[in-house]
Student: 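Here it is, the structure in full.
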Amino acid sequence: MNITIRLETPTDYRTVEELTREAFWGCMDHPTCDGEHLIVHKLRSSSAFVPELDFVAETEGQLVGNIIYSKSKIIAGDGRETEVLTFGPLSVLPAYKKMGIGSALLRCSIARAKELGYRAIIIYGHPDYYPRFGFRRAGEYGITTPQGTSFDALMALELYDGALDGISGKFYEDKVFEIAPEEIEEFDKRFPPKDPVQLLPLDVLKNKLPESVFHALSSHKIKYIASLQKYSGAELLSWKGIDKTGFERLNHCLKELGFAEKLSSCYIAVSDSHKQG
């Protein structure tokens with residue numbers, strides 16, 4: 001399959017919003033689309049938008065993926081601000097996932113961001129996926145959420161050596177990412193009706209996992225199996241009640257149900273034969 005990566009044009013806007021809605025429909029712990037298509041729509045008119053890093057993936061004349069970037073910032077304790085990038089949503093049509101399209105969009109956009117002289121990229125994302133592109137836990141650089149917390153899903157990528165040396169503080173995305181449920185509901189009326197996805201509850205695993213593992217997941221308020229994407233395998237292994245044997249059993253169950261297995265280390269190199277996105 002030949003994939004063409006090019007910049008998005010205004011004629012692509014509606015199609016990209018539609019594919020974004022499809023890509024995130026029933027994703028994680030939301031039965032519909034949790035506003036990602038609205039974020040794309042609003043970002044294009046935001047001062048934070050970086051049009052030079054708004055790429056689409058095309059194959060056989062069809063748009064199948066998109067990555068969109070915006071400017072964000074790190075605010076240090078003394079109030080000093082440092083501009084960085086964030087991307088998202090990164091969208092791939094469901095029928096084209098695991099074909100390397102997301103990887104192609106990432107590699108192309110990261111290379112271009114380096115050429116443009118940007119310092120770093122910081123994201124909230126899948127902690128078992130993005131480290132293969134060089135992302136590290138943002139906490140390693142002293143970068144936290146606005147609330148001062150740190151976890152594996154908050155990641156940073158330096159775009160040149162030492163780009164984040166001496167820079168620490170709280171990470172802030174543009175306010176365009178702050179959207180209310182009623183705003184999403186109103187925007188979604190512009191699209192064809194679509195039934196919500198029936199998310200698989202964690203209880204499906206109750207009799208398949210060791211009791212200690214199921215209790216550990218439940219105690220962290222995990223309601224749906226898809227919600228496990230928020231956590232790295234390393235984080236899960238750090239939870240009381242999940243040992244190596246229980247972790248392997250959990251991965252066996254995830255594989256049976258068609259979910260991606262968790263990595264025991266989020267920094268394990270993954271070959272092209274394990275492409276996702």
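These numbers come from the heavy atoms of this one structure, side chains and all, not from hydrogens, waters or symmetry mates.
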Student: In sequence, state the C-alpha distance, the side-chain angles, and the governing distance for Ile123 and Phe87, and then conclude on side-chain contact (heavy atoms from CB on, under 4.5 Å).
Tutor: CA-CA 7 Å; Ile123 59 166; Phe87 66 74; 3.6 Å; yes
Student: Determine whether a donor-acceptor pair (N or O, by modelled atom type, separation under 3.5 Å) exists between the side chain of Glu36 and the backbone of Asp34.
Tutor: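 At least one qualifying donor-acceptor pair exists.
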Student: Please identify each residue that fulfils side-chain contact (heavy atoms from CB on, under 4.5 Å) with Val50, with sequence neighbours left out.
Tutor: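 If we apply the side-chain contact (heavy atoms from CB on, under 4.5 Å) test to Val50, skipping adjacent residues, the hits are Glu52, Leu53, Tyr69, Lys71, Leu85, Tyr118.
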Student: Are Phe187 and His37 near enough that their ring centres are under 6.0 Å apart?
Tutor: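 Ring centres of His37 and Phe187 closer than 6.0 Å.
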Student: Do the charged groups of Glu22 and Lys194 touch, with an N to O distance under 4.0 Å?
Tutor: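 Result for this pair is yes, salt bridge flagged.
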Student: Indicate yes or no: does Arg21 engage Glu17 in a salt bridge with an N to O separation below 4.0 Å.
Tutor: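 Salt bridge flag = no for Glu17 with Arg21.
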Student: Between the main-chain N or O of Asp54 and the side-chain N or O of Glu8, is there a donor-acceptor pair closer than 3.5 Å?
Tutor: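 No; judged by distance alone, with no hydrogens or angles, the pair does not exist.
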Student: More than 12 heavy atoms of other residues, nucleotides or ligands under 6.0 Å from CD of Glu115: is that the case?
Tutor: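 More than 12 heavy atoms, drawn from other residues, nucleotides or ligands, come within 6.0 Å of this atom.
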Student: If you draw a 6.0 Å radius around CG in Asp161, do more than 12 non-hydrogen atoms from other residues or ligands fall strictly inside?
Tutor: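 Not buried by this count: 12 neighbours or fewer within 6.0 Å.
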Student: Using a 3.5 Å distance criterion without hydrogens, assess whether the side chain of Lys262 forms a donor-acceptor pair with backbone atoms of Leu228.
Tutor: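 Yes; judged by distance alone, with no hydrogens or angles, the pair exists.
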Student: State whether a side-chain donor-acceptor pair under 3.5 Å links Asp12 with Thr15.
Tutor: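 Note: Asp12 and Thr15 side chains miss the donor-acceptor criterion.
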Student: I'd like to know whether Leu90 forms a side-chain contact (heavy atoms from CB on, under 4.5 Å) with Tyr130, so could you lay out the CA-CA distance, the side-chain angles of the two residues, the decisive distance to 0.1 Å, and finally the verdict.
Tutor: CA-CA 12 Å; Leu90 167 57; Tyr130 290 107; 3.5 Å; yes
Student: Does one side chain, of Tyr124 or Glu173, offer a donor that lies under 3.5 Å from an acceptor on the other?
Tutor: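 No, no side-chain donor-acceptor contact under 3.5 Å.
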Student: Determine yes or no for a side-chain-to-main-chain donor-acceptor pair under 3.5 angstrom, with Arg119 supplying the side chain and Ala163 the backbone.
Tutor: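 Here the side-chain-to-backbone pair exists.
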Student: Does CD belonging to Glu256 count more than 12 external heavy atoms closer than 6.0 Å?
Tutor: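 Enclosed.
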Student: Taking the side chain from Ser168 and the backbone from Tyr141, do they hold a donor-acceptor pair closer than 3.5 Å?
Tutor: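 Here the side-chain-to-backbone pair does not exist.
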Student: Answer yes or no: does atom CD of Glu183 have more than 12 heavy-atom neighbours from other residues, nucleotides or ligands under 6.0 Å?
Tutor: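 More than 12 within 6.0 Å, yes.
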Student: Taking Asp128 for its side chain and Gly233 for its backbone only, find out whether a donor-acceptor pair lies under 3.5 Å.
Tutor: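 At least one qualifying donor-acceptor pair exists.
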Student: If you group Ile, Leu, Val, Met, Phe, Trp and Tyr whenever their side-chain heavy atoms sit less than 4.5 Å apart, what else falls in with Ile75?
Tutor: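 Grouped by the 4.5 Å side-chain rule, Tyr172 form the rest of the cluster around Ile75.
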Student: Can you list every ring-ring contact (aromatic ring centres under 6.0 Å, His included) pair that touches residues 192-227, not counting sequence neighbours?
Tutor: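 Checked against ring-ring contact (aromatic ring centres under 6.0 Å, His included) - neighbours excluded - the pairs reaching residues 192-227 are His220-Trp239.
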Student: With a sphere of 6.0 Å drawn around NZ of Lys73, does it hold more than 12 non-hydrogen atoms of other residues, nucleotides or ligands?
Tutor: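 At most 12 heavy atoms, drawn from other residues, nucleotides or ligands, come within 6.0 Å of this atom.
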Student: Relative to each other, are the rings of Phe133 and Tyr129 parallel, tilted or perpendicular (30° and 60° limits)?
Tutor: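 Phe133 and Tyr129: perpendicular rings.
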